[in-house]
Amino acid sequence: MPELPEVEFARRSLERWFEGRQLVRTEAEPGARTFRDCDLGIFKALKGSLVGIDRKGKYLMVRFSNKLGFVGHLGMTGKFLKRAPGEEVKWSRARFVLDDGEVIHFQDMRLFGRIDAVPAVELEGRPAVAKLGVDPLGDGLSVERLQEALSGSNQELKVALMDQERIAGLGNIHAAEALFRAKLHPERSVASLSPPEWKALVKGIQATIAFALDVEGDGEEIAYVEEGAPNPFLVYGRAGTPCRKCKTLVKSFTQAGRTTHFCPTCQPKQRRVDGDQMRKRPRARRYRG
DNA sequence: ACCGCTGTTCTCCG
DNA sequence: TCGGAGAACAGCGG
C-alpha cells in the first residue's frame, strides 16, 4: 500500500538491510515492465556499499559507492523483501545480492512499479523526481508551504492533495484520512479554506502520516497491511460502517476516477460555523481564499 | 465464470 | 493548459 509512509518504511528497511554489507550483484527479471525506462547495463553494474537513500514523495533515490544508483517507485503493489539465499519469491522483479548471500527482492505483482538505474549524480534530476512538489515529511509542512503548494489549484481539495507536483506522497488513502482529520469535505475548493481550516489540514496530513509510520511493525512491511488485520483507518475503506467519531455511516463516491471515503457529518460540504468557533470569534466574518 | 474493484502514473483526447 | 477517461497489469471477492 505504497503511499508516503510505506515508501518511507521501505527506505528505512533498505538502509538497515544494506548496512555493513556489500552489494555484489543485481538481477533483473527478463522482460519485466519494472525496467521499462531503465538502462539495464547500468542496473547490472550496481555494486558496492550503500551510500544513502533519499525519498521524495513516493520515489526512492538509492545510491551506491560505485557512483551508480537507481530511482525506485513501488507502484501499487511493489515492496522490498529480504530473503535467505535461494529462497523463491513470487513476482520478484529485481534482486540485490549481498555479500552474505542474502537477497533483497523487489516484489511487484501488478508491475506498476519501476526501477530506473542511472549515474548517481543524475538521480535528483530525473524528470519524475524533479517535478515533485513539497514532501510533507522531508521538507516539513506549514500552513504557508501548503498554501503555496496548493495555490492556483482549481481542483477539488482531495484531488489537489493527490497531485504529486503540488504535494508529493499522499495517495487515495492518506488524502482521505487527512481530510477526515481536518473535518474537511473532499469536494471543498482550495480557495474556500479559512485560516483555521488550513491549519487543521496541515495537522491532518501530518497526523495521518505519523499514524501510519507509528503502526509499522518490525516485519518487512507496515503492520496494517498484514493479511487479516482490521482496517486501521478512520474513513478509508469503511463505507457503510459507523464513523469512529460520530457513528454516522461513512459514505463513498467517485472523485476523479478514484473512490473517496468521508463522513457526511464530520466533513460537511458547507463550512461549519459551530458553537465553539462562534464563541472564539464573535464577529463571524467570512474568510476568503 | 464473469464483473467490477483495487494503493500508481502516464498518455491521449476534447 | 487543463481535466477526465483509459491504459498499463494481476489478483480477488461477490
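Order of the sequence lines sets the chain letters (A, B, ...), proteins ahead of strands, with each chain counted from 1. Note that the structure is a prediction, hence the values are computed from the model and not measured.
Residue-level contact check: G171(A) touches the backbone only, with heavy atoms under 4.0 Å from sugar-phosphate atoms and none from bases. Among the atoms of the strands shown, base atoms are found under 4.0 Å from some heavy atom of R258(A).
The nearest whole Å value for the distance from the CZ atom in R36(A) to the C1' atom in dA7(C) is 12 Å. If you measure from atom CZ of R166(A) to atom C1' of dT9(B), you get 17 Å, rounded to the nearest angstrom. For the pair F253(A) CZ and dC5(B) P, the computed distance is 16 Å after rounding to whole Å. Taking atom CZ on R238(A) and atom P on dT6(B), their separation rounds to 17 Å, with Å as the unit. If you take CZ of R114(A) and C1' of dA7(C), they are 14 Å apart, rounded to a whole angstrom. In this structure, Q255(A) places its CD atom 13 Å from P of dT6(B), rounding to the nearest Å. Between the CZ atom of R110(A) and the P atom of dC9(C) there is a distance of 11 Å, rounded to whole Å. Between the NE2 atom of H73(A) and the P atom of dC10(B) there is a distance of 8 Å, rounded to whole Å.
Side chain of L111(A), nearest nucleotide from dG11(C), dC9(C), dG4(C): dC9(C). Taking the side chain of R33(A) as heavy atoms from C-beta on, and the options dC10(B), dA10(C), dA8(C), the nearest nucleotide is dA8(C). The side chain of K58(A) approaches dT9(B) more closely than any other nucleotide in the set dG11(C), dC10(B), dT9(B).
A salt bridge links E8(A) with R11(A): the distance from a Lys NZ or Arg NE/NH1/NH2 to an Asp or Glu carboxylate oxygen falls below 4.0 Å.
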**Report entry** Residue pair F64(A), F18(A): steps toward the ring-ring contact (aromatic ring centres under 6.0 Å, His included) verdict
**Finding:** CA-CA 10 Å; F64(A) 295 98; F18(A) 275 110; 5.4 Å; yes
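Relative ring orientation between F233(A) and H174(A) is described as perpendicular, the plane-to-plane angle rising above 60° on a 0-90° scale split at 30° and 60°.
If you check dC9(C) for Watson-Crick or wobble pairing at under 3.5 angstrom, you find it has no partner at all.
Cation-pi geometry between R244(A) and F180(A) is not met at under 6.0 angstrom from the ring centre and within 45 degrees of the axis.
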